[in-house]
Amino acid sequence: MAERFIIDVSEHNTVTDWRAVKADGIEGVIIRAGYGRGNGDKKFREHITGALAAGLYVGIYWFSYAYSADMAEAEAYYCMNTVSDVVSWKDITLPIYWDFEGDSMKFANKCGVDVSRETLVDMAEAFCDALESDGHMPGIYANLDYEKRYGLLSVAEQNGYSVWY
């Protein structure tokens, strides 16, 4: 896919004028559908309907609070169900990303789990494989810190997943 100007949004950074976003040269948006064990983003419906009405490319992300592969796979199903309840899958033109960051790791540690690189890789693959087996385009979000520590970009590359960096 060619490089595009894409933003991400959630209930924490809401957009109210999607046509203005498009007029500013933004071509797409990655919208948080939810997080953890089936918690929907409070602005998901509003964001996705606004972005689609403005004619933007739309992708999804699910903020992970998983600390096992089984939990990450369950999050994939929560994500798919959340999206299906709001829009048609044909409207999702960008990948669906698994987003595991510092707050995710803090939650795992609070639950007594130290997430190793191996576990993180297993979780990323479980989330993405569940999406892929259901016919969707999976992807992995990675920031510079997590890429240096865990090498998630190589996991995405080896498995043919999209990368949001």
Is there a path of hydrophobic side-chain contacts, each under 4.5 Å between heavy atoms of I, L, V, M, F, W or Y residues, that connects [X] with [Y]?
X	Y	answer
L131	M71	yes
L56	I7	yes
L52	W89	yes
V86	Y77	yes
F100	L144	no

Interatomic distance, [X] atom [atom1] to [Y] atom [atom2] [nearest 0.5 angstrom]:
X	Y	atom1	atom2	value
I31	I60	CD1	CD1	5.5 Å
M123	D70	CE	CG	11.5 Å
R19	D24	CZ	CG	14.0 Å

Would you say that [X] contacts [Y] through its side chain, given a criterion of any heavy-atom pair below 4.5 Å between the two side chains?
X	Y	value
I30	W164	yes
K43	V9	no
M80	H136	yes
V115	V113	yes
E157	V163	no
S10	Y61	yes
L94	V58	no
I140	C128	yes

Notebook entry, point to check: Between D91 and Y57, is any side-chain donor less than 3.5 angstrom from a side-chain acceptor?
Noted result: no
Next item on the list: Could you tell me which residues satisfy ring pair (Phe, Tyr, Trp, His ring centres under 6.0 Å) with Y65, sequence neighbours excluded, listed by chain and number?
Entry: F63, F107
Next item on the list: List in chain and number order the residues that pass ring pair (Phe, Tyr, Trp, His ring centres under 6.0 Å) with Y67, two or more places apart in sequence or in another chain; answer none if no residue qualifies.
Entry: none
Considering all heavy atoms, the nearest [X]-[Y] contact:
X	Y	answer
S64	E75	OG-OE1, 2.6 Å
G151	R117	O-NH2, 3.5 Å
D122	A69	O-CB, 3.9 Å
D99	S104	O-OG, 4.1 Å
E46	V15	OE2-O, 4.2 Å
G139	P95	N-CB, 4.5 Å

Next item on the list: With sequence neighbours left out, write down each residue that passes side-chain hydrogen bond (donor to acceptor under 3.5 Å, both in side chains) with S162, or none if nothing qualifies.
Entry: Y97
Determine yes or no for a side-chain-to-main-chain donor-acceptor pair under 3.5 angstrom, with [X] supplying the side chain and [Y] the backbone.
X	Y	result
E73	A130	no
E27	K22	no
R32	D8	no

Margin query: One pair to check against side chain to side chain contact (heavy atoms under 4.5 Å, CB included): N143 and E147. What are the steps and the verdict?
Written below: CA-CA 6 Å; N143 59 39; E147 176 52 24; over 6 Å; no
Check: Parallel, tilted or perpendicular: which describes the rings of F127 and W98, with under 30° parallel and over 60° perpendicular?
Finding: tilted
Item checked: Stepwise side chain to side chain contact (heavy atoms under 4.5 Å, CB included) test for D17 and V21 -> CA-CA 7 Å; D17 188 347; V21 167; over 6 Å; no
Check: In chain order, what residues pass the salt bridge (charged side-chain N to carboxylate O under 4.0 Å, His left out) check against K42, with sequence neighbours excluded?
Finding: E11
Check: Who are the salt bridge (charged side-chain N to carboxylate O under 4.0 Å, His left out) partners of R149, not counting sequence neighbours?
Finding: D145
Notebook entry, point to check: Which residue pairs pass the ring-ring contact (aromatic ring centres under 6.0 Å, His included) test when at least one of the two sits in residues 9-46, sequence neighbours left out?
Noted result: W18-H47
